[in-house]
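Chain identifiers are assigned alphabetically (A, B, ...) following the order of the sequence lines, protein sequences preceding nucleic acid strands; residue numbering begins at 1 within each chain.
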Protein chains: 4
Amino acid sequence: MNSANSFGSRFVVTSFGESHGPAMGAVIDGMPAGILWDEQILFNEIQRRRPGTSAVVSSRNELDTPEVLSGVYQGKTLGTPIAILIRNQDARSNDYKQITSQPRPGHGDDVWFTKFGHSDPRGGGRSSGRETIARVVGGAVARMFLKEVCPQLKIIGFASQIGPFFLSSHALSTLSVTDLYQADRFVARYPSPAQEKDVENLLLEAKAHGLSYGGLAEIWIEGVPKNLGQPVFRKLKADFASAFMGVGAVTTFELGDGVQNVKEEGSQFHRREDDGSRYGGIRGGISTGERIRLRAGFKPTSSVLDVAKKGRHDPCIVPRAIPVLEAMAALVLVDHILWARGDRFV
Amino acid sequence: MNSANSFGSRFVVTSFGESHGPAMGAVIDGMPAGILWDEQILFNEIQRRRPGTSAVVSSRNELDTPEVLSGVYQGKTLGTPIAILIRNQDARSNDYKQITSQPRPGHGDDVWFTKFGHSDPRGGGRSSGRETIARVVGGAVARMFLKEVCPQLKIIGFASQIGPFFLSSHALSTLSVTDLYQADRFVARYPSPAQEKDVENLLLEAKAHGLSYGGLAEIWIEGVPKNLGQPVFRKLKADFASAFMGVGAVTTFELGDGVQNVKEEGSQFHRREDDGSRYGGIRGGISTGERIRLRAGFKPTSSVLDVAKKGRHDPCIVPRAIPVLEAMAALVLVDHILWARGDRFV
Amino acid sequence: MNSANSFGSRFVVTSFGESHGPAMGAVIDGMPAGILWDEQILFNEIQRRRPGTSAVVSSRNELDTPEVLSGVYQGKTLGTPIAILIRNQDARSNDYKQITSQPRPGHGDDVWFTKFGHSDPRGGGRSSGRETIARVVGGAVARMFLKEVCPQLKIIGFASQIGPFFLSSHALSTLSVTDLYQADRFVARYPSPAQEKDVENLLLEAKAHGLSYGGLAEIWIEGVPKNLGQPVFRKLKADFASAFMGVGAVTTFELGDGVQNVKEEGSQFHRREDDGSRYGGIRGGISTGERIRLRAGFKPTSSVLDVAKKGRHDPCIVPRAIPVLEAMAALVLVDHILWARGDRFV
Amino acid sequence: MNSANSFGSRFVVTSFGESHGPAMGAVIDGMPAGILWDEQILFNEIQRRRPGTSAVVSSRNELDTPEVLSGVYQGKTLGTPIAILIRNQDARSNDYKQITSQPRPGHGDDVWFTKFGHSDPRGGGRSSGRETIARVVGGAVARMFLKEVCPQLKIIGFASQIGPFFLSSHALSTLSVTDLYQADRFVARYPSPAQEKDVENLLLEAKAHGLSYGGLAEIWIEGVPKNLGQPVFRKLKADFASAFMGVGAVTTFELGDGVQNVKEEGSQFHRREDDGSRYGGIRGGISTGERIRLRAGFKPTSSVLDVAKKGRHDPCIVPRAIPVLEAMAALVLVDHILWARGDRFV
């Protein structure tokens, strides 16, 4: 796409809205007609992204009720653009007054002003994390498609590191699959019964003292159709990388074993007697049908105590970013499922 | 772009050619008129990418003479598409006969066949590393633009890890700037006088025994104009990630301190008394004018001894990938320089 | 654009909404930051398109109040997407019940159903003329840009034929410029004091008896910057043609003298001692700075008496289509003004 | 597409080459894998476009041998970009020396120079009709797809007006179908046994005296699949209009009865007891499966005697433009056949 606020080639999401303006929203174009409209998915995903749901995240309280303006009729998609609107209800822009004169370190506030000459300082305007609600909305619509067309497909997101705490390979392999797949039930979506309490304490204390932490988010995808991804510039891994690195505080992207790959001699690496997951489910840029494993690294949240102390921010953004990364993954998948239809014809 | 073989939104490179077909090539569209055509840049970059230039890389010998077919007249660009052709001269496709029946582990051979039903097995066809010559050609044209419009801009690529050898932060900081900026003069583009001999031995032995290694490549960019990058989906970091992850064996992408960021508490991270380079020169998705620091991780080369022993491959792809990553970086930069012209108007 | 509901390459309008769904709307992306937000232009253009303003057009009564949801702050554009919403207020979908079983002749009702398998029969859903409000909204935003960047530019639309009545070349040349430029003041936007009454009678009678007529609309553009249009596939005339032929009942497109050109011998045609307007202000696909003259032909309105007699339709769509064509012209102009910035650089 | 030299959204042709530069060419991306490569189609279409084949067209003699550089293997397409090269062999650029100082009337020579500041004056560079060979090449590849996927589809092009001579509706209806469908056998592709001699004389005389004529070309398409075309901005008629108006001297575009439509009262128009062809095979922007009828009007050829007398030009461009328009039509059709795959999914 040649538009800065649209994502995708066949399944295109256009995001709009400033953090403290009247509304956020998304227009989804390219959704085939006749797909069952499952509004519950939309509500769920918005709810999963919502701040204010636990003590360890921002206390900003947003009802975030989506209004579907077009593209759906009698419970099915029409093949026309689906526009979804979310009003900004809890927008105390006074909290951000200071920003104009004193930009928050690590934030893009000053950068945007320099770029555009005129920018909306209220809550970061469009560089705010609030913008990600448009992605979650788009991803929810993508999930409706996936539910119907690839019912076996499953997108699993969890935190594998929160500040100093991380899941070792060993820890990962000994966690129950249920824990892993239901990360939402854990504090900070970090599925470790053993470390859960430590992580909670870390984040509560961080919140109290204006500290912040980075971390790692894992997105696993199971039941992916083979043959997704286009060779050369639109490899599946390239599109996932673009999708994840387009999210606010993300500074690293890894496929499969990622940085572990680097260290290993090739004949060992390629012959290993295991599930082949070191390739992360993508070879030659194309999905193999095996589990796709993606990882995103986040720098510590930028908003710390003194500058925006009343700003309702998260001590670690990873837990709330997970539904956003899942949404981006869903968008990439649907885009490539539609695209792959043109690979062969006869 | 909605085409799998084109890259860019304003400055668009279309790549074509199979590894053992008649020719490789690129069409570059969006180059403004009147830019000085500096063919030496084109020759240099192709030469830098060329295999067969040292004992530690593939001995495939390609003359790779570019032929400029259009878009240039009397030493200047015309504002029309620039088509550049490189004949495949040294294409011993017999070496690859075995591939059809026995796909190379880690390669995309089987994946492509599954996807398309019909694919070119000769040397990997279009999934071959040979395809990257089109990117280097496109990048060379981008460099001509940069030379004229941003003469102060400098793209610096080097290896910071080759298999088990890596440059520590300390090593990096104590290397002379000259060494760093002239990495081409070192074996494997690994700018360490201290470890150079070790790296050479590692790779010679690997070549002899069919071993292979991964590694890390760094791309630094100095003198970048401020304000490049578009908010939301086309952040500068997202486009770099897509550009690098679209290259063959790349499995990780990092911005600035990258995986180091994850571990640090935010108030320390954001206040550090240093050059601000931990952000990697991009904040809010937009260039700040500071040095941009990008890092790509490579898995070990796939072609090992027994399957394609006569294949003329590299024990570690990192050195040869560096000119390719630099080219991709140049493409991203020119695309965004052209794009940024629309940010403001009056 | 590779999305069916988006128009433009640099200045991109995405249209959404079904005729009798909750709302219509547009998202405009690519508007530079800092442009003065002149809401009066938006109101005017919506008002100009509105049905129910005279006896000769549909009596559907829509207030069509636009709500600006994003992209504007303190009276200036932000460089972010501008989303504008218009609620559907007067949607008596019962009038259209019959359509499902008996498609309206000449309409796309049945065609859409065949294509998508599931479509919205209420008032034609998205194939309704109601959709054009999104274009008028987008065009109004484009006009704000033009007002600031090309204050001398003027888009002049009028009807040159309504059913059997047409302005001859002679009539055109003898009408006062004021009449021509203020066509809105005439019945059916047909600027002929002599024929005005006849046209009114024709349309009133047509309305009473369920008859309908086609016609011709002219769009003239004065004060166009030179050098707009991209060679080969994106010639300015090609983009205008796509823009106009993308409007509902349009079946012909002409540039300059259009069908008159065909009949003339070349040496006469090219040497004529006149204002050069036979070329229509575009040569080699590029604007010359002279007046651009475009013409669109409309087939008779499809909705005639017996099938949808209660449908509130227009006996001739040309008058109401004029603001839509003007809007499309404005979109093309801004797209190419932004694009032309990349033609040269140094 | 956001690139000036690429056409299509799913099936993308990129054109390159200056008239008197080393070569012309096209890269076709989006062709599915496994389509039979029928090189005879490619030769035929290039031959059909070729000047020098009769006394009434330009005597420029071009062998125009295509070289297929990529995308084809063992007689089938690979799903990768197909690059095709045609060397410029008969490029007597001295004939055009005068152009720099004295631009040809009606040509874009001066316009391009003004736009780009630097342009190739040799034979019009890229604004030359020579560029259309890239479109014919792209169209030939599209025809291979159509032959396999829609074997019943037939693209029929002929001239219906050459200067003062035109086929009346009556003449059209009384011509034998064979004549109509084999227009290539007639002088100037004008399928009128009665007027053939007159047309020939007209053109021979025009050639001798440096006169030129415009005319009309008809493109009919039979056996079109239903449901092609995307609503709103990418209606099938809009894409055909863009495709045709993107060709050099075209100044008008008509669908179905075109300018005839304008004059008729709607209840008569829509109820007529005939084959429905007045709609031109497209309703609501979407193909109905009926014959598609398109018409393009050309202004008189610009190159007349005194300025470029030695230039080898055509007294009427219509005959040679017909294969070009057919090629553009084929591109639009394949693009929309591929696109329509996403309309429904389940």
T14(D) versus T14(B), closest heavy-atom pair with distance: OG1-OG1, 4.3 Å
Heavy-atom pair of closest approach, residues H118(B) and A33(D): O-CB, 4.4 Å
Between CG on residue L69(D) and CG on residue N88(B), distance to nearest 0.5 Å: 10.0 Å
Straight-line distance of S119(B) OG to K76(D) NZ, nearest 0.5 Å: 11.5 Å
Closest heavy-atom pair and its distance - F16(D), P81(B): CB-CB, 3.9 Å
Interchain contact, L85(B) with chain D, by part (heavy-atom threshold 4.5 Å): side chain
Pairs meeting criterion side chain to side chain donor-acceptor pair (under 3.5 Å) with involvement of residues 29-43 of chain D, two or more places apart: S3(B)-D29(D), N5(B)-D29(D), W37(D)-E39(D), D38(D)-K147(D), Q40(D)-N44(D)
Within-4.5 Å side-chain heavy-atom neighbours: W112(B) and T80(D): yes
Selection from R87(B), Q74(B), M24(B), K115(B) maximising heavy-atom pairs under 4.5 Å formed with chain D: R87(B)
Flag side-chain contact, heavy atom, 4.5 Å: R126(B) against L78(D): no
Selection from S70(D), A83(D), P32(D) maximising heavy-atom pairs under 4.5 Å formed with chain B: S70(D)
